[in-house]
Amino acid sequence: MIDVDPSLVNWSRAMFAFTAMYHWIFVPLTLGLSFLCAFYETIYLKTGNEQWKTITKFWMTLFGINFAIGVATGIILEFEFGTNWSNYSWMVGDIFGAPLAIEGIFAFFMEASFFAVMFFGWNRVSKGFHCFSTWMVAVGSNLSAVWILVANGWMQNPVGMAFNPEKARFEMESFAEVVFNPIAVSKFTHTSSSGFVMASAFVLTVSCWYLLKRRHIEMAKKSIVVACVFGFVASCFVGFTGDEAAYEVAQKQPMKLAAMEGLYKGERGAGLVAMGIVNDVKSPGDVQDPFFFEVKIPQLLSLLANREFGSFVPGIDDLVWGNEEENIMGVNTMMEKGRYALTDLAAFKEAKKAGNEQAAEAALARFNENQEYMGYGYLDTPEEAVPPVFIVFNSFHLMAVLGSLFPVIFGAFLFFTVKGQITEKRWLLPIGLSTALLGLFAQQAGWVTAEVGRQPWAIQGLMPVKIATTNLSTTAVQVTFAMFAVVFTLLLVAEIFIMLKQISIGPEGH
Amino acid sequence: MIEAPAKIFSFYRDGFRNMTVGKTLWKIIFIKLLVMFAVLKLFFFPNYLKQNFDTDAQRGAHVLEQITRHVN
Ligand code: HEM
């Protein structure tokens, strides 16, 4: 038995999840709204029409509010790494510390220069340079998401590094492998494009509110056209990048894919669940049906997972107990190898302490044979490697359903606005009004899929969360959580209040 | 030569002076950073390894102990 207090682990991860989800309210809006501002301003630059300038300035103000409230909320995640996840931080700090610090400095200079021009530079610098600065802010904001996603991608698929037992650290072996890790690449494309969808949805929501109130109608219509073109293209792209993400998950984290689809018994020609109600009391290996009800599209999961109809997609049971026929090693076998790795790691440590270099070297050689299974050695049971299926299935399906809805919504609004009929189609406006909320749900559901779906791992296959946590008292973590929750709830209330006030003032407030 | 820094200075000075909603936002940013660094970081989020160990070698040894403490 591993003597880690489960409530400590759960409070530490709850706090981290809460911080990340809070942070992620602001990030996607920043990623997308920065580009929308650049589009509006470019149209102003090309047409010279002052109305586009008013539009640009209005959305820039909302961008600024979102940025100001969201900025630095991510730093809390870094605090938590140092306090609650010190084992993990130590083990990977060598690799990600420097790039994340460089990114911080880069962001600071970008904000102090282009950001300042964007907000202070109207009538002070040339129109062209102002517009260029807005574009730079958009490009820079999106680039600053790269490193953190590379770090996250590495945790999901730890490539390009080797574990050095002497320092208890992962050390870089191939920078290119880390950066071009397929999971990191798909994360960046999916995350940034989903941010574009989020921001387009936000513009649509605010504009629909004006149309419903019959205020700023021209501005709202113009804003909608640009946002819907961007939103439509981005939401189609999100479908592609999402498909790519799912393929990569299938290849690198098959357990996550099985949970996303509630697939317990692997099969050839597996179908994709289009709709379903998961049986939340089912456990791996039992005889219960995984679903109370489900509608499957035949063969589609095999195609999504392996790019091949009729291919085998492993289910949770196959992954937990292995499937010889399909050449799948089970968690039970990996646990055995993992235990060997840990025993040899402990032997290495003891030999080093005793100054017995020969024994240390022998233990290290044995450790290296099984080191890729190291994390499995910490598991108490094979079933521990299964993430919470109910949450992962539902979050994935919520995101995918919303993902199919967005192109339809953006397409419909674009169509009716261009045809000049949007003000007559009043039944459409409440749908537009709710789009930002739907976007936010899709965003949060995406991260829930990605992160809950990889439990119990902090680093896939190498380190479970219960080993990554610092051995603190649960009460200390609970107090911090409460404190943090109060501060951040106040901040969120402030943001919503200022944002709503600015929206109600409208573009003429400039 | 003197002109460029002076221009940049007046650019920022006028920018800050003419802010409207920006003034509220800066206040929020300032309070937020103060709470984050002077309260949260100081009292609630100490860096465990930095606080409890002096050298990297000690930190590495501690983490190695932590990740092998379950092995019997
Ligand atoms: C049909 C459409 C979609 C598919 C097939 C899809 C697929 C996926 C998959 C498989 C993941 C998990 C990736 C991983 O664990 O590495 C993911 C994550 C995510 N999704 Fe989606 N998604 C879709 C639509 C959307 C939409 C519409 C949004 C938001 C507007 C969104 C936002 C996210 C976010 C923020 C993440 C977490 C970051 C990441 O892991 O890339 N997705 N998506």
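Labels below follow one simple rule: chain letters A, B, ... track the order of the sequence lines, proteins then strands, and each chain is numbered from 1. Bear in mind that the values here come from a model prediction, so they are computed numbers and not experimental data.
In this structure, chain B has no heavy atom under 4.5 Å from any part of Val477(A). Heavy atoms closer than 4.5 Å to chain B are found in the side chain of Phe488(A), but not in its backbone. Residue contact with chain B, scored on non-hydrogen atoms closer than 4.5 Å, involves the backbone and the side chain of Ile69(A) alike. For Gln51(B), no part sits under 4.5 Å from any heavy atom of chain A, backbone or side chain. Heavy-atom distances place the side chain of Ile498(A), and not its backbone, under 4.5 Å from chain B. In this structure, the portions of Leu345(A) lying under 4.5 Å from any heavy atom of chain B include both its backbone and its side chain. Heavy atoms closer than 4.5 Å to chain B are found in both the backbone and the side chain of Glu80(A). Only the side chain of Ala494(A) comes within contact range of chain B, judged by heavy atoms closer than 4.5 Å. At a 4.5 Å heavy-atom cutoff, the contact between Thr470(A) and chain B is made by side-chain atoms alone. Only the side chain of Lys353(A) comes within contact range of chain B, with at least one heavy atom under 4.5 Å from a heavy atom of that chain. Only the side chain of Phe163(A) has a heavy atom closer than 4.5 Å to any heavy atom of chain B.
Side-chain atoms of Leu64(B) and Lys352(A), non-hydrogen and from C-beta on, never get closer than 4.5 Å to each other. Contact of the Val21(B) side chain with the Ile505(A) side chain is not registered, since no non-hydrogen atoms from C-beta on lie closer than 4.5 Å. At a threshold of 4.5 Å between non-hydrogen side-chain atoms, the residues Trp90(A) and Asp56(B) count as touching. Residues Phe45(B) and Asn84(A) meet the side-chain proximity criterion, which asks for heavy atoms closer than 4.5 Å. Met19(B) has its side chain within reach of Phe120(A): a pair of non-hydrogen atoms, C-beta onward, lies under 4.5 Å apart.
Side chain of Lys32(B) to main chain of Ala68(A): a donor-acceptor pair is present (N/O by atom type, distance under 3.5 Å, no hydrogens or angles).
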